[in-house]
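Predicted model only: the values in this text are computed from it and were never measured. Order of the sequence lines fixes the chain letters, A, B, ..., with proteins taken first and strands second; residue numbering starts at 1 for each chain.
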There are 2 protein chains.
Amino acid sequence: MSVEVGVGAGRTADTAATSDTAAEAFEKEACPLAEVLDHVAGKWSIGVLVAVAHGPVRFTELERIVEGISRRMLTLTLRRLERDGLLIRTVYPTVPPKVEYSLTDMARELHGTLRALTEWAERHRGEIAAARVRYDAAR
Amino acid sequence: MSVEVGVGAGRTADTAATSDTAAEAFEKEACPLAEVLDHVAGKWSIGVLVAVAHGPVRFTELERIVEGISRRMLTLTLRRLERDGLLIRTVYPTVPPKVEYSLTDMARELHGTLRALTEWAERHRGEIAAARVRYDAAR
DNA sequence: CAGAATCCGTGGGGATACTG
DNA sequence: CAGTATCCCCACGGATTCTG
């Protein structure tokens with residue numbers, strides 16, 4: 001996804017003119033947000049995160065739970081989340097191999113925070129759908 | 001972005017076996033979350049949303065505030081947010097034309113919810129960076 | 001079982017020129 | 001000023017095959 005909100009190469013004083021509050025808010029709020037999304041966005045991250053949230057899950061389980069995901073994308077998503085310190089990968093040196101994924105504390109916290117978004121979505125699901133119909137009807 | 005978390009075409013009873021709690025949580029939580037992200041994700045949406053949050057902003061202002069955005073993407077992002085009922089577009093029939101964007105109540109609520117994410121990001125920024133360094137160093 | 005490697009298409013997004 | 005319209009590219013992601 002990327003979400004490079006662009007911290008801006010420091011506007012020179014003479015170009016800064018209108019709506020400074022909006023610009024300041026943008027720089028203060030948008031960037032950290034972009035960071036979160038850069039870790040969490042990407043078509044599958046959320047799905048994997050939520051699926052892993054309830055205790056250790058194995059690779060193949062995830063492949064089944066997160067429906068529609070390809071083997072490749074599951075691997076990539078897991079690697080990325082692990083790299084960002086959101087997932088713990090535990091390998092059991094058995095044969096056949098067994099690998100379990102679980103959330104770090106940091107990720108569990110994030111998972112809680114995301115719940116607020118879920119609730120927002122559920123509260124406004126209808127309103128959004130209605131807005132779309134209205135918008136589409138108007139052309 | 002898409003985030004099609006895949007509600008799944010209803011697993012047949014015989015295929016459902018392992019880790020049902022994770023699977024159930026996935027279906028209950030991931031999907032609404034995917035919906036939010038489908039409206040809010042997409043490299044520029046958050047930036048625009050935050051920039052618009054502080055009162056009516058004009059098109060050109062946004063083009064300057066949201067640094068790096070192209071004229072094309074700004075338009076597309078605005079249209080999408082408007083369609084989802086998150087933005088209000090007000091046209092003043094003057095010459096030259098003047099168009100102002102502002103958040104709907106629903107979007108303002110969302111903006112508040114996103115603040116929790118911002119805080120999470122700021123709290124764990126260092127931790128994430130450290131995790132990355134550690135991960136990259138380990139190969 | 002849990003991946004790594006390879007090939008390939010699709011569309012998201014950048015740059016630019018034009019217009020009411 | 002506030003957009004459309006057009007061209008083009010490449011990175012994301014799907015399908016498939018191979019392996020420790």
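- Between B:T118 and A:V36, the closest side-chain pair of non-hydrogen atoms is not below 4.5 Å.
- Following rounding to the nearest Å, A:L74 (CG) and D:dG13 (P) show an atom-to-atom distance of 13 Å.
- A distance of 13.0 Å separates CZ of A:F26 from CZ of B:R64, quoted to the nearest 0.5 Å.
- The nearest whole Å value for the distance from the CD1 atom in A:I69 to the C1' atom in D:dC12 is 13 Å.
- In this entry the distance linking CH2 of B:W44 with C1' of C:dG12 reads 12 Å, nearest Å.
- Between B:E63 atom CD and C:dG14 atom P there is a gap of 12 Å when expressed in whole angstrom units.
- In this structure, the side chain of B:R139 engages the main chain of B:Y135 through a donor-acceptor pair within 3.5 Å.
- The separation between A:M73 atom CE and C:dA2 atom P is 19 Å, rounded to whole Å.
- Listed for the A:T113 side chain is no donor-acceptor partner under 3.5 Å among the backbone atoms of B:A116.
- We find that CZ of A:R80 is positioned 14 Å from P of D:dA11, with the value rounded to whole Å.
- For A:K43 and C:dT10, the NZ to P distance is 13 Å, given to the nearest whole Å.
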Give each protein N/O atom lying under 3.5 Å from an N/O atom of nucleotides 1-4 of chain D, with the pair distance.
from: D:dC1; atom 1: O3'; to: B:R58; atom 2: NH2; distance (Å): 2.9
from: D:dC1; atom 1: O3'; to: B:P97; atom 2: O; distance (Å): 3.3
from: D:dA2; atom 1: OP1; to: B:R58; atom 2: NE; distance (Å): 2.8
from: D:dA2; atom 1: OP1; to: B:R58; atom 2: NH2; distance (Å): 2.9
from: D:dA2; atom 1: OP1; to: B:V99; atom 2: N; distance (Å): 3.3
from: D:dA2; atom 1: OP2; to: B:T60; atom 2: N; distance (Å): 3.1
from: D:dA2; atom 1: OP2; to: B:T60; atom 2: OG1; distance (Å): 2.6
from: D:dG3; atom 1: OP1; to: B:R79; atom 2: NH2; distance (Å): 3.0
from: D:dG3; atom 1: OP1; to: B:R89; atom 2: NH1; distance (Å): 2.1
from: D:dG3; atom 1: OP2; to: B:Y101; atom 2: OH; distance (Å): 2.7
from: D:dG3; atom 1: O3'; to: B:R79; atom 2: NH2; distance (Å): 3.4
from: D:dG3; atom 1: N7; to: B:R71; atom 2: NE; distance (Å): 3.2
from: D:dT4; atom 1: OP1; to: B:R79; atom 2: NH2; distance (Å): 3.4

Between A:H54 and B:E24, is the side chain to side chain contact (heavy atoms under 4.5 Å, CB included) condition met? List the steps.
CA-CA 10 Å; A:H54 288 255; B:E24 283 165 21; over 6 Å; no

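- Of the possible polar contacts, one joining the B:W120 side chain to the A:M106 backbone as a donor-acceptor pair under 3.5 Å is found.
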